[in-house]
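Notes to accompany the following structure.
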Amino acid sequence: MIQVDFEKNFMSWRENARKFLADAIPPDQINWSQDELSLFTFDASSQDVKKPVSNNDFKVPPELISQFKTLSYARDEDRWNLMYKILFRLCYENTGLLSISIDPDINKAEKLQKSVRHDIHKMHAFVRFKKSFVDENEVYVAWHKPEHLIVRPGTEFFARRFGDKRWSIFTPDESAHWDLKKITYGAGMAQRDFQGVDDWDEIWKTYYKSIFNPARIKIKMMKSEMSPKYWSSMPETSLIRDLVRDAPKALQKMAENINTSAVVDLKLSLSELKSKSSSCQACPLYAKATQTVFGVGPENASIMIVGEQPGDQEDRTGNPFVGPAGEILSQALIQAGIKKESVYITNAVKHFKWVPHKNMRLHQKPSGPEMHACKPWLEAEIKKIKPQVIIALGTTAATAIIGKLPKIKDERGKIISSLACAPKVIISWHPSALLRAGNETESTEKMQQLVDDLKLALSAEE
Ligand code: URA
């Protein structure tokens, strides 16, 4: 049995796994746990190992690397062994292993990854900062207890979101510290050691009250979304009783707002428009959404991509196309030779529309009045960006851009130059149409068509 001496992180595991794999060391001959006393570094020449019958030109699929990276953050002692087992089996037993979701190893890996991703979302949603001072410098501090070992993948979000403030996030395992330039990591801290209530609690309570949404008062749902185990570190939970009591009046006020459309001042700059849109209540969708998801990308972009509406991950992060559909779009852009950062990406509707289903938020198509209510934002974005080419993905986006419901199958792949919004408009498949495709052939064909349409946009822009 080989006892591996490695730092418990993905890079160190990968370095070791690569050597073991090249020497065809079977997983059951390796102990990745560091609990044993006799640690020594692996030396292939000294091992008596069974070689598999055949080797091949095995290349680790890039998506597997990123999946393993996620998996490496799971709080599960067996994860290193599981990852190596999958790698070994993939290389020496079955190259199609990854598509067998009922395989116990694949199944366990998928479950763990999902749980890690979910935990990262929870961290983004539930971390609450308190204002504090270190050497007279303002610092925001927070304590959070994640389920997995996610301080590193989980805190990058805060650097993007609160990059202009110094902050520290403590967890029992590890802490992360942002000094306005980079994140450094330090020791963890128990909750009892973390300084308790201060003025920041009051400020946070006021903020929470202003964004409180009466349509969301479903205690059962709140418990599933916001597990009570996080409540102790969230000052706003003491407000919930009062807010629930006042809900009916607020709900009525909300109902009165239906069927209007956003009022947008075109004199505002793009970033001012973005900030105004964050308080838009032109249709009831704002009520169940976490935030408005406005477009992103350079103001001088010549290509604008319009999608339907934010999905679950977009709603949580505040950026368009960052979830599964976004991943497909990124792939398609790469294949078309378009840099994602060079394109302005937005949606026809800026709030996530969903219904609860089990523990999930199920996406729902926006209605005509909801699209109408949101249209001034899209029009304002188009006026500010002045794109040469607009690519509308899917029926909702295409309807918002061309003003009538198209059949994507018939209308895609052509340049429309008769519209006032932009010199050229192209309609294509929405990435989620690929996810919904009945079989792989259909999905591959749609992907190819999406790539072709993006290439068409690139040539039309030049
Ligand atoms: N689907 C969309 O249409 N837009 C997004 O931003 C994400 C998914």
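Remember, it's 1-based here, ligands and their atoms both numbered in the order they're listed. Keep in mind that the numbers below use all heavy atoms, side chains included, and drop hydrogens, waters and symmetry copies. This structure is a prediction, so every number in the text was calculated from the model and none was measured.
Sorted by chain then number, the residues whose non-hydrogen atoms approach ligand 1 to under 4.0 Å are Gly307, Glu308, Gln309, Pro310, Gly311, Glu314, Pro320, Phe321, Ala325, Asn347, His430.
Every pair passing side-chain hydrogen bond (donor to acceptor under 3.5 Å, both in side chains) that includes a residue from residues 433-444 is listed here, sequence neighbours excluded: Glu442-Lys446. A ring-ring contact (aromatic ring centres under 6.0 Å, His included) check over residues 423-462, counting only residues at least two apart or in different chains, returns the pairs Phe321-His430.
Ring orientation note: the planes of Phe68 and Trp13 are nearly perpendicular, at an angle over 60° on the 30°/60° scale.
Legend: residues meeting side chain to side chain donor-acceptor pair (under 3.5 Å) with Lys409, ordered by chain and number and at least two apart, are absent.
A donor and an acceptor atom, one from each side chain of Gln449 and Asp453, are nowhere located under 3.5 Å apart. At a cut-off of 3.5 Å, with distance as the only test, no side-chain donor of Glu370 or His351 sits close to an acceptor on the other residue.
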